[in-house]
Amino acid sequence: MAISNATLAGLTRTELLEMHYKMALIRRFEEKSAEEYTRGRIGGFMHLYIGQEAVGVGSITALRPDDKVLCSYREHGHALAKGMDPGAVMAELFGKVTGCSKGKGGSMHMWSNELGLYGGNAIVAAQLPIAAGVAFAAKYQGQDTVIACYFGDGAVDEGAFHESLNLASVWKLPVVYVCENNQYSMGMAVGKAWAVDSLLPRAEAYNMPGDQVEGMDVIAVYESMKQAVERARDNEGPTLLEIKTYRFRGHSMTDPAYYRTREEEQQWRTTRDPIGIFEKKLLDNGLATQSEFNDNDARATQVSEDAAEFAENSPDPSLDELYTDVMADNSTALTSRYERK
Amino acid sequence: MRTITYRDALREAIREEMLRDERVFIMGEDIAGYGGTYAVTKGLYEEFGEKRVRDTPLAEEVITGVAIGAALGGLRPIMELMTINFSLLASDLLVNSAAKMRYMFGGQPAVPFVVRMPSGGGAQRAAQHSQLFETWYAHVPGLKVVMPATPYDVKGMLKSAVRDPDPVLFIEHELLYNVKGEMPDEEDEYTVPLDRGEVKRPGQDITIITFSRMLHLSLQAAEDLAKEGIEAEVIDLRSIRPIDIDLLVDSVKKTNRVVIAEEGWKYYGTGQGLAALIYENAFDYMDAPIQHVTGADVPMPYSKVLERAALPKKSDIVNAAKAIVPAALVRK
Ligand SMILES: Cc1ncc(C[n+]2csc(CCOP(=O)(O)OP(=O)(O)O)c2C)c(N)n1
Ligand SMILES: [Mg+2]
């Protein structure tokens with residue numbers, strides 16, 4: 001039994017256990033989502049975050065609550081890490097009106113004004129230029145908020161990556177570009193898509209600091225992100241982080257993953273599980289106990305179950321919702337000054 | 001005769017054209033190792049190898065530019081965009097370069113290449129993954145835009161597209177890949193022209209003009225109408241640009257009534273363009289205003305109930321037809 005007022009990377013025991021809980025929550029929540037998808041309660045495309053928990057949790061822990069987050073379609077984890085109510089995330093997956101986007105967006109399009117979660121994007125790399133704009137608005141208005149922009153290794157291949165990093169650097173914008181390099185964009189191995197095997201030379205090319213981070217170590221992610229966030233907040237401009245990670249599941253729920261071996265997946269799951277690695281680190285440092293992990297895991301499981309129950313019991317959007325929200329005033333393509341029968 | 005799927009028909013067309021012409025190669029995201037998002041190109045990498053079946057980085061703009069450049073350089077590219085939604089990232093090169101080069105440079109360059117891409121909604125893929133943009137591209141002089149709906153037509157038209165001297169946007173539908181249809185035996189080579197629609201069901205009371213997935217709903221609607229004594233002629237446009245105007249006018253002369261059924265948005269779209277053309281060319285033969293069945297004028301919602309409400313249904317076509325067929329015509 002530990003446990004003093006020792007810290008790790010400047011984080012208190014309470015903070016560390018909260019990080020552990022969030023990672024457990026994402027893991028259990030995603031497992032529950034997969035189960036509900038298989039049961040047909042969730043439709044469309046769904047991309048799970050299992051395996052990448054340390055990235056979202058480690059980096060978002062380094063943000064202030066009023067900092068903004070932009071993501072790809074693989075964003076359930078970021079939404080939960082940013083503090084979104086699991087019920088609202090699950091209800092969105094179920095397409096219910098209680099979902100965080102009223103059921104209109106689904107798995108790939110989660111949003112919260114209050115939490116500063118500015119969207120999952122289903123067009124690869126769309127969030128990169130938009131994040132530059134959100135960062136510009138903060139800087140323009142003299143706010144010291146920081147924008148975290150998450151994207152995959154595949155997004156690096158799009159022209160938007162180049163355009164965004166260049167402008168963000170020239171304009172010294174308070175944005176952290178976080179590449180979650182999970183080694184694949186769908187079936188494309190990163191080694192076949194990138195001309196260089198690291199983002200460091202790219203960061204250099206845009207005249208911004210870069211860091212390559214062991215993404216299965218939540219503390220390493222946190223520390224690297226913390227530096228980048230401080231730089232951005234101190235008006236020193238953007239940073240590019242390449243966080244090396246792995247998605248334990250297929251690209252989406254329908255991906256049989258023929259492009260990689262089951263052995264490779266198993267190797268990662270058994271030796272590089274970010275939750276296991278974190279638990280070991282906490283135990284080794286005498287900062288937590290196995291029973292605290294068990295409690296967190298039990299709570300995460302229960303919260304995920306409750307989220308699914310909430311989603312299941314929530315109503316579908318009413319058909320009136322079909323035409324709301326297209327425009328601020330709910331106007332449509334035709335405008336008419338006359339009553340017609 | 002044999003029966004195969006739309007997906008297999010596409011693959012046969014690609015394979016036969018690759019065997020016929022060394023200059024034909026295919027490229028796109030995840031078409032080789034992954035076998036294509038919709039498994040259309042499955043097995044082609046194994047058969048033809050890396051030189052002719054090329055995975056690209058995730059970058060629609062450069063895929064399109066390479067297709068244009070390779071066509072200029074004497075090849076016959078077939079490029080795949082994973083879905084038409086991502087073609088907007090390629091649209092600058094399609095519209096500002098591919099569509100204009102022959103004209104802008106006084107007829108000198110040729111850019112013969114094919115863009116294959118699926119489109120459409122109906123699988124709860126939400127606003128950014130459920131769109132139809134045939135209208136956008138068909139607006140542009142210098143492009144051909146086709147949307148075949150049956151295995152026979154996709155095979156024959158894809159072969160024609162590969163042989164065509166100009167850029168062809170070949171738009172598939174995400175929900176049609178498993179649709180089956182009758183085909184000639186593999187040895188019996190055929191092509192289908194890129195500029196001809198087809199009457200898929202003859203009738204004399206009303207003309208239903210449609211294309212892509214809506215063809216299948218329209219044929220079902222025509223069966224329902226027949227039970228009520230209304231014989232609908234169903235025309236599959238197949239090509240959005242060029243438009244087979246004679247086929248449309250001939251049918252209207254016979255039926256005097258038109259329903260246009262499409263999945264996409266209503267305003268400024270393909271259907272409204274066709275309606276204007278029909279009024280221009282066959283006004284004197286019209287006995288009733290054209291009815292237009294479309295998707296709802298909203299970004300596609302994710303929720304199953306909302307998506308269902310947003311998509312045009314068979315019953316919408318039936319009701320549109322009945323609205324303009326006089327009671328006297330309905331045989332009991
Ligand atoms: C512009 C665009 N092109 C293609 C796609 C189809 N697509 C969706 S996800 C994906 C792979 C993205 O990989 P990566 O950026 O590494 O993110 P990951 O899925 O690994 O998180 C592709 C090709 C898309 N959604 N948008
Ligand atoms: Mg990736």
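The structure displayed is predicted, hence computed values, not measured ones. Quick note on labels: first sequence line is chain A, next is B, and so on, each numbered from 1.
Within the 4.5 angstrom heavy-atom criterion, atoms from both the backbone and the side chain of B:Tyr302 approach chain A. For A:Met108, the part lying under 4.5 angstrom from a heavy atom of chain B is the side chain only. Only the backbone of A:Leu93 comes within contact range of chain B, with heavy atoms under 4.5 Å apart. Neither the backbone nor the side chain of A:Asp325 has a heavy atom closer than 4.5 Å to any heavy atom of chain B. Neither the backbone nor the side chain of B:Ser130 comes within less than 4.5 Å of any heavy atom in chain A. In this structure, chain B has no heavy atom under 4.5 Å from any part of A:Thr254. Residue B:Ala309 touches chain A through both its backbone and its side chain, counting heavy-atom pairs closer than 4.5 Å. Residue B:Leu88: no heavy atom, backbone or side chain, is found under 4.5 Å from chain A. Contacts between A:Phe161 and chain B at a heavy-atom distance below 4.5 Å are absent for every atom of the residue. Both the backbone and the side chain of A:Tyr323 come within less than 4.5 Å of a heavy atom of chain B. For chain A, the nearby parts of B:Glu60 are the backbone and the side chain; heavy atoms of each come within less than 4.5 Å. The parts of B:Asp297 that come within reach of chain A are both its backbone and its side chain, each placing non-hydrogen atoms under 4.5 angstrom from that chain.
At distances below 3.5 Å, at least one donor-acceptor pair connects side-chain atoms of B:Asp30 with backbone N or O atoms of A:Gly187.
Nearest heavy atoms, B:Ser303 versus A:Gly95: CB-O, 3.4 Å. In this structure, A:Glu158 and B:Ala59 approach most closely via the heavy-atom pair OE1-CA, 3.7 Å. Between A:Ala155 and B:Leu58, the closest heavy-atom pair is N-CD1, 4.4 Å. Contact detail for A:Leu322 and B:Val298: the closest heavy-atom pair is O-CG1, 3.3 Å.
With a 6.0 Å radius and a threshold of 12 heavy atoms from other residues, nucleotides or ligands, B:Glu50 has its CD atom at or below the threshold. Residue B:Tyr268 qualifies as open at atom OH: its count of foreign heavy atoms under 6.0 Å is 12 or below. The number of heavy atoms from other shown groups lying within 6.0 Å of OH (A:Tyr258) does not exceed 12. Other residues, nucleotides and ligands contribute at most 12 non-hydrogen atoms within 6.0 Å of the NZ atom of B:Lys42. Heavy-atom neighbours of B:Arg54 CZ from other residues, nucleotides or ligands within 6.0 Å: at or below the threshold of 12. Counting heavy-atom neighbours within 6.0 Å of A:Gln183 CD, excluding the residue itself, gives a total above 12. Other residues, nucleotides and ligands contribute over 12 non-hydrogen atoms within 6.0 Å of the CG atom of A:Asn330. Counting heavy atoms of neighbouring residues, nucleotides and ligands inside a 6.0 Å radius, atom CD of A:Glu309 does not exceed 12 of them.
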Step by step, work out the side chain to side chain contact (heavy atoms under 4.5 Å, CB included) result for B:Thr37 and A:Met186. CA-CA 9 Å; B:Thr37 315; A:Met186 278 186 61; 4.2 Å; yes
Decide yes or no on side chain to side chain contact (heavy atoms under 4.5 Å, CB included) for A:Leu334 and B:Tyr267, but give the supporting numbers first. CA-CA 9 Å; A:Leu334 296 183; B:Tyr267 299 102; 3.4 Å; yes
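For the set A:Asp255, A:Thr332, A:Val156, the count of heavy-atom pairs under 4.5 angstrom toward chain B peaks at A:Asp255. Interface check for chain B: of the options A:Pro317, A:Ala125, A:Ala193, A:Ala257, the most heavy-atom pairs under 4.5 Å are formed by A:Pro317. Top candidate by heavy-atom pairs under 4.5 Å with chain B, chosen from A:Gly105, A:Ala189, A:Gly159, is A:Gly105.
Using cut-offs of 30° and 60° on the angle between ring planes, the pair A:Phe45 and B:His129 is perpendicular.
B:Lys304 contributes atom NZ, which lies 9.5 Å from atom CG of A:Asp316 (distance to the nearest 0.5 angstrom). Distance check: B:Gln124 CD to A:Ser107 OG gives 11.0 Å after rounding to the nearest 0.5 Å.
Considering only heavy atoms from C-beta on, A:Val124 stays 4.5 Å or farther from B:Phe86 through its side chain. Side-chain contact between B:Leu306 and A:Lys104 is present, with at least one heavy-atom pair separated by less than 4.5 Å.
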